[in-house]
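For reference, the structure is listed below as structure tokens.
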Amino acid sequence: MSDVIHYESSGKPHPYHLVRPSPWPMLAALSAGLLALGTVFMMHDKIWWIFALGVISLIGVSTMWFRDIIKEAFVEKAHTSEVKFGFRYGMLLFIASEVMFFAAFFWAYFDASLNPTQAIGGVWPPKDITPIHPFDLPFMMTMILLLSGCTCTWAHAALLENNRKDALRALSLTVLLGIIFSFFQGYEYHHASFGFKDTIYASTFYMATGFHGVHVIIGTIFLIVSLWRTYKNQFTATDHFGFEAAAWYWHFVDVVWLFLFIAIYWYGYR
């Protein structure tokens, strides 16, 4: 079958995918806005159901949107080599934007820690803060994420060899490790001796590690979708970019955590 898609609008064959009108981008934007609004309300100890509604709506819209994308790939055969090339560049640019996102949190943290003001006692960590010991729960969480990176790489190697059984086994372990990491992070937050508003240390700590935790949850969902698609035999040794994108994202999350462990847990504990 030809790798070129014909479009009636122009009458000329070309390898690029012209996406049909879709409601999902607009609905995704509205859901994200609802989620942001709900987050603000929840942080001010007000109504929480807006946040829950935002989460549910965003998950629902994302599910329907990705369903359509998978249909484009397998039913309509719209993902040509040129389209896949664009996907790769798009994912790399997205990860680059995420690097800048976390750079802002590191900037805020080091700006406060390298020149502590008199408002926090002129020392870092502030006097009223008891930081979390880096080689307690944070170290174990680091080992969990590093191990998940290994199992993710194992899954990729298995896919390249068309070894579906090992790919399923490795992806299942990766998902499980991601869930365990999120559980321990929630446990750490629940037992921390300081709250979000307790000095600039606490604010930067929760913003940096909290947003990383959100990325772990998103990455885990990404890997669950890849696991389901692997089970449905939708990946081959030469065509599995859906998993590759999830793996790139997961390795990015691993690297960010290493920087967080060194900068916030280890350096911040001294």
Side-chain angles (χ1 to χ4, degrees), residues 25 28-29 31-33 35-36 39 55 58-59 62 65-66 69 83-115 124 132 134 138-139 141-153 155-156 171 174-175 177-179 181-182 184-186 188-189 196 200-226 240-269:
S31 299
L35 177 62
T39 303
V55 171
L58 190 59
I59 291 175
S62 300
W65 197 350
F66 290 135
I69 294 174
V83 172
K84 293 174 184 176
F85 183 78
F87 284 165
R88 282 177 165 77
Y89 267 90
M91 190 64 193
L92 289 173
L93 289 173
F94 170 70
I95 292 175
S97 71
E98 291 284 275
V99 171
M100 296 299 102
F101 178 80
F102 279 100
F105 296 131
F106 282 108
W107 187 291
Y109 180 83
F110 282 112
D111 180 67
S113 64
L114 294 176
N115 186 28
W124 192 266
I132 299 170
F139 184 74
M141 293 162 64
T142 303
M143 294 298 101
I144 290 171
L145 267 192
L146 290 177
L147 181 58
S148 72
C150 295
T151 56
C152 187
T153 302
H156 190 199
L171 266 175
T174 308
V175 169
L177 290 168
I179 293 172
F181 176 91
S182 296
F184 280 127
Q185 187 169 43
E188 177 186 83
Y189 283 1
F196 184 83
I200 184 65
Y201 175 92
S203 298
T204 52
F205 171 87
Y206 282 114
M207 286 295 288
T209 60
F211 269 108
H212 177 271
V214 171
H215 282 70
V216 170
I217 293 172
I218 294 172
T220 302
I221 295 172
F222 206 168
L223 289 169
I224 290 172
V225 173
S226 296
H240 53 266
F241 175 72
F243 168 75
E244 282 185 309
W248 294 353
Y249 188 85
W250 195 251
H251 290 312
F252 161 75
V253 168
D254 286 352
V255 172
V256 170
W257 178 258
L258 289 177
F259 281 102
L260 287 172
F261 177 79
I262 293 170
I264 293 182
Y265 288 101
W266 180 73
Y267 171 77
Y269 187 79

Item checked: Derivation and outcome, side chain to side chain contact (heavy atoms under 4.5 Å, CB included), residues Lys84 and Phe241 -> CA-CA 8 Å; Lys84 293 174 184 176; Phe241 175 72; 5.6 Å; no
Next item on the list: Hey, could you give me the CD1/OG distance between Ile221 and Ser226, rounded to the nearest 0.5 Å?
Entry: 12.0 Å
Notebook entry, point to check: With a 4.5 Å heavy-atom cut-off, do Ile95 and Trp248 have their side chains touching?
Noted result: yes
Check: Which heavy-atom pair separates Val253 from His212 by the least distance, and what is that distance?
Finding: O-NE2, 2.9 Å
Item checked: Rounded distance [0.5 Å steps], CD in Glu98 versus CZ in Phe211 -> 10.0 Å
Checklist line | Option from Thr204, Leu114, Ile200 for which side-chain contact (heavy atoms from CB on, under 4.5 Å) with Tyr109 holds | finding: Thr204
Note to self: Can you confirm whether Trp65 sits close enough to Pro25 that some side-chain heavy atom of one is under 4.5 Å from a side-chain heavy atom of the other?
What the structure shows: yes
Checklist line | Heavy-atom closest contact (Gly178 atom, Val216 atom, distance) | finding: O-CG1, 4.0 Å
Notebook entry, point to check: Does any N or O in the side chain of His156 come within less than 3.5 Å of the main-chain N or O of Cys152, such that one atom is a donor and the other an acceptor?
Noted result: no
Next item on the list: Tell me, with the steps shown, if Ile218 and Phe222 meet side chain to side chain contact (heavy atoms under 4.5 Å, CB included).
Entry: CA-CA 6 Å; Ile218 294 172; Phe222 206 168; 5.5 Å; no
Item checked: Closest non-hydrogen atom pair between Tyr201 and Ile264, with its separation -> OH-O, 4.1 Å
Notebook entry, point to check: Any side-chain heavy-atom pair from Ser113 and Tyr267 closer than 4.5 angstrom?
Noted result: yes
Check: Hey, is CZ on Phe66 packed in by over 12 heavy atoms from elsewhere, all under 6.0 Å?
Finding: no
Item checked: Euclidean distance, Leu177 CG relative to Leu147 CG, rounded to 0.5 Å -> 5.0 Å
Margin query: Is the shortest side-chain heavy-atom distance between Met91 and Glu244 below 4.5 Å?
Written below: no
Next item on the list: Would you check, one step at a time, whether the test side chain to side chain contact (heavy atoms under 4.5 Å, CB included) holds for Tyr189 with Thr209?
Entry: CA-CA 10 Å; Tyr189 283 1; Thr209 60; 2.7 Å; yes
Item checked: Student check: side-chain heavy atoms of Phe243 and Leu171 closer than 4.5 Å -> yes
Margin query: Nearest 0.5 Å, please: how far is CG in Leu145 from CG in Asp254?
Written below: 5.0 Å
Checklist line | Interatomic spacing from CH2 in Trp250 to OG1 in Thr153 - rounded to 0.5 Å | finding: 12.5 Å
Check: Is the gap between the ring centers of Tyr265 and Trp257 under 6.0 Å?
Finding: yes
Checklist line | Check: Ser62 side chain, Ile59 main-chain N or O, donor-acceptor pair, under 3.5 Å | finding: no
Notebook entry, point to check: If you draw a 6.0 Å radius around CZ in Phe85, do more than 12 non-hydrogen atoms from other residues or ligands fall strictly inside?
Noted result: no
Next item on the list: May I ask you to check whether over 12 heavy atoms, not counting those of Phe139, lie within 6.0 Å of atom CZ?
Entry: no
Check: Do Ile179 and Val175 have side chains that get closer than 4.5 Å, going by heavy atoms?
Finding: yes
Check: Is Ile132 close to Glu188 at the side-chain level, that is, under 4.5 Å between some pair of heavy atoms?
Finding: yes
Notebook entry, point to check: In Å, rounded to the nearest 0.5 Å, how long is the span from CZ of Phe105 to OH of Tyr206?
Noted result: 15.5 Å
Next item on the list: Taking atom CZ of Phe110 as the centre, report whether more than 12 heavy atoms of other residues, nucleotides or ligands fall under 6.0 Å from it.
Entry: yes
Next item on the list: Grab the two heavy atoms, one from Leu223 and one from Ala246, that are nearest each other, plus how far apart they are.
Entry: CD2-CB, 4.0 Å
